[in-house]
Amino acid sequence: MTVDRDVIAEHEHVPPDEVSRATVVAYAVAATLLLGWFLFGWLVLQQGFVDSVGESAGAGFALLLIISVVGTVRRSRR
């Protein structure tokens, strides 16, 4: 037994939007600032390696949360 399958147009794969150069630069700047924050806490404030990693990771996760909320709001307006 054979079954003919029709391709449904609404399920076609659409290529994702390209990431702009400004977005890549902003992510690179954010990563550099987080690395600088880690090194500042570890080497200048001498607060310990684990504390510095935790503080910079917390700042990074907070930044990712802000980015996701802004992206969701922008996408919902479309």
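Placement of Phe38 and Leu45 in two distinct hydrophobic clusters is found when ILVMFWY residues are connected by side-chain heavy-atom separations under 4.5 Å, directly or transitively. Residues Phe49 and Leu43 share a hydrophobic cluster, clusters being chains of Ile/Leu/Val/Met/Phe/Trp/Tyr side chains in contact below 4.5 Å.
Taking all atoms of both residues into account, the shortest heavy-atom contact from Trp42 to Gly48 is CD1-C, 3.7 Å. Nearest heavy atom pair, residue Trp37 against residue Ser56, reads CD1-CA, 4.1 Å. The two residues Ser52 and Gly41 come nearest to each other via the heavy atoms OG-C, 3.2 Å. Pairing each heavy atom of Ala30 with each of Leu63, the nearest pair is CB-CD2, 3.6 Å. The shortest non-hydrogen separation linking Ser76 to Val73 is OG-O, 2.9 Å.
Atom CG in Leu34 sits 10.5 Å away from atom CZ in Phe61 (nearest 0.5 Å).
Counting heavy atoms from C-beta outward, Asp51 and Glu55 have side chains that stay 4.5 Å or more apart.
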